[in-house]
Protein chains: 2
Amino acid sequence: MELNLTEVLSWTVLAREGHYGRAADELHVSTSCLTKRIQRLESQLGTVLVERGPGGVLAITGTGRLFAVRAERLLDDARRLATSAHEPAAPVVVGVPGFDGARVFEHWARNQPPTVRETLATFVCWVGIAFDHLDLALKSQRVDIMLTAGASTQPGIRSTRLWPLDRIGLVARSHPLSGRRTVPVEQFATLPFLRSAAAPPDWMSLWCLGDVRPMSEARMVEVAPRSMSDVLGSVARGSVVAVSPTLVGPVLPPPVSYVRLEGAPPAWYFAHTRHDEPRRVVTEVLRLLASIPAEQTFA
Amino acid sequence: MELNLTEVLSWTVLAREGHYGRAADELHVSTSCLTKRIQRLESQLGTVLVERGPGGVLAITGTGRLFAVRAERLLDDARRLATSAHEPAAPVVVGVPGFDGARVFEHWARNQPPTVRETLATFVCWVGIAFDHLDLALKSQRVDIMLTAGASTQPGIRSTRLWPLDRIGLVARSHPLSGRRTVPVEQFATLPFLRSAAAPPDWMSLWCLGDVRPMSEARMVEVAPRSMSDVLGSVARGSVVAVSPTLVGPVLPPPVSYVRLEGAPPAWYFAHTRHDEPRRVVTEVLRLLASIPAEQTFA
DNA sequence: GGGGATTACGAAGGACGTAAGAATA
DNA sequence: TATTCTTACGTCCTTCGTAATCCCC
């Protein structure tokens, strides 16, 4: 079912060496063992990684080469994950949307005034959550606090309003609207929107301008983004637009530009916690976050 | 040696359920099997993931929870890697520095004039390479073309000069130089520099301003970045500065800002290929890249 | 014949399930 | 006594190495 990383590692070595004998030596196994590892991997992936000839390895296939170079990253990530398990963990885990969301909030926390900064640094660990796990992350105890835009209607979850949130529209630089400073929000709402079916509707609504016109009137294009960079990639391709917090405006890659949304209704960041949260330190962090004045947030 | 993803998956399920019986049901194994999977994982990681009590699971440890939420991303990456093996591979693999470098070049390729764009789209696949694998990637046949700044002195590698390259200085927003538009390059060169020991010196030199003053005079801080975001993270923490291509200027996260380097010597992008590269399509892509006028690059 | 990969086969080890055990409540 | 996890133990399957095989140069 799941990939076997030993087999994956074996493939990266074989792809590099181009020779079963040398790769097997490097891995400290027999060539027959390596043969079988590669065969298992190939049958599991359902692809041919290497072209065999009677005189040995004829060639690494295109698929195999691409798999090797991508696999190297996975192996590296796996090793980092394993070593990160030794580091001490902060007691309060705060989730933010998107795998790459954590970085933004880590930065933000570091730029707070000293008392806030140090409290956050000692008690809080930021983690990015895939868009389709946003409400599961809280319920399954993955995180203690989930920071998103918009309140949750999920049972058992308490939402605390934090800071005001301005939204901007993201369009490809090749899009007709690119270059405009401002677009009426009603006009923007008629464009085809990027939509993640798996994301909680409570949360998705704000980013599809569900508060401007009924969601049923929105034109949607389904994608399955896990992180903001996936969203930006889709937008850059040109067929859809998206809405995001002002926060990401200065971080956009060159092929994406943003427009201000004129007349957009007000929106807020919310902190979500479990209703039965027993831990004092969690409520203290929540209080701290709520006490931060709007000017020190992302305005 | 390598992490076992079946065990990792089992842990994410157990951490979510907080109960061996339910988690085992969900995984379609017996509780005793699950017990042993978790024990193996714990002994391999060398940490305690769950506090056991006689009445069952007492609590998931902080380490265990953080491991679970991070592991979910690894599992997702692994599944994506496995499915990506079915997609057809472009014949020419072009490597760019840093795991996240590919995205920038994909965007860039998409914004070329139609003929160039379509040729690149059909023949080229961009992959990001960790900084410490830059010259290995070519030799081990991982990539056909490696795009970096600076020529290579490695034997067997042919470097083709492509486009002029402007460099900027990256500093934390809290850094004294932040806010300055321009800094004399000699002054910037005296700051403590981020340095990756594993990266090839040929390549690292440009980013440590080795062409401004001898590398021996540079103040270095060792880190092991794999991608531009690792670099940006170190810079944001405030103790070091870095140099990057102008290209990343518009992509910086809020806590990092950039200054122009006044008087920086000229630099170039280079395409590196194996000297014995037999494939016609590779040289054709190389020729295409070289033919792109400077204005259409990253100026 | 020699180099290179796969297949055959037997051995070792790992992973699994059933069932018993231990510790609460 | 019911619940929950761990341990004991037997079974089966996987993985490995040695050695034989196949195939071209």
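Chain identifiers are assigned alphabetically (A, B, ...) following the order of the sequence lines, protein sequences preceding nucleic acid strands; residue numbering begins at 1 within each chain.
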(request) Run the salt-bridge test on R65(B) and D144(A) with the 4.0 Å N-O cut-off and return the result as yes or no. (result)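 Salt bridge: yes.
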(message) According to salt bridge (Lys or Arg N to Asp or Glu O under 4.0 Å), who are the partners of R158(A), at least two apart in sequence or on a separate chain?
(response)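 For R158(A), no residue satisfies salt bridge (Lys or Arg N to Asp or Glu O under 4.0 Å) once neighbours in sequence are set aside.
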Grab the [atom1]-[atom2] distance between [X] and [N] for me, whole Å please.
X      : N       : atom1 : atom2 : value
Y20(B) : dA23(C) : OH    : C1'   : 15 Å
L41(B) : dT6(D)  : CG    : P     : 13 Å
D25(A) : dG3(C)  : CG    : P     : 15 Å
E17(B) : dT4(D)  : CD    : P     : 13 Å
Q39(A) : dC16(D) : CD    : P     : 12 Å
I38(A) : dG4(C)  : CD1   : P     : 17 Å

Quick one: list whatever passes side-chain hydrogen bond (donor to acceptor under 3.5 Å, both in side chains) with [X], sequence neighbours left out.
X       : value
R16(A)  : E26(A)
R161(B) : none
S159(A) : H272(A)

Side-chain donor/acceptor pairs under 3.5 Å, residues 78-89 of chain B, sequence neighbours excluded:
{"residue": "T83(B)", "atom": "OG1", "partner": "R79(B)", "partner atom": "O", "Å": "3.2"}
{"residue": "T83(B)", "atom": "OG1", "partner": "R80(B)", "partner atom": "O", "Å": "3.1"}
{"residue": "S84(B)", "atom": "OG", "partner": "L81(B)", "partner atom": "O", "Å": "2.8"}
{"residue": "H86(B)", "atom": "NE2", "partner": "L45(A)", "partner atom": "O", "Å": "2.4"}

Can you give me the N/O atom pairs linking the protein to nucleotides 10-20 of chain C at distances under 3.5 Å, or say none if there are none?
{"residue": "dC16(C)", "atom": "OP1", "partner": "R37(B)", "partner atom": "NE", "Å": "3.3"}
{"residue": "dC16(C)", "atom": "OP1", "partner": "R37(B)", "partner atom": "NH2", "Å": "2.6"}
{"residue": "dC16(C)", "atom": "OP2", "partner": "R40(B)", "partner atom": "NH2", "Å": "3.4"}
{"residue": "dG17(C)", "atom": "OP2", "partner": "S30(B)", "partner atom": "N", "Å": "2.9"}
{"residue": "dG17(C)", "atom": "OP2", "partner": "S30(B)", "partner atom": "OG", "Å": "2.8"}
{"residue": "dG17(C)", "atom": "N7", "partner": "S32(B)", "partner atom": "OG", "Å": "3.3"}
{"residue": "dG17(C)", "atom": "O6", "partner": "K36(B)", "partner atom": "NZ", "Å": "2.7"}
{"residue": "dT18(C)", "atom": "O4", "partner": "S32(B)", "partner atom": "OG", "Å": "3.2"}

(message) Counting only side-chain heavy atoms from C-beta out, which of dT6(C), dT6(D), dT4(D) sits nearest to T35(B)?
(response)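 Minimum distance to the T35(B) side chain belongs to dT6(D).
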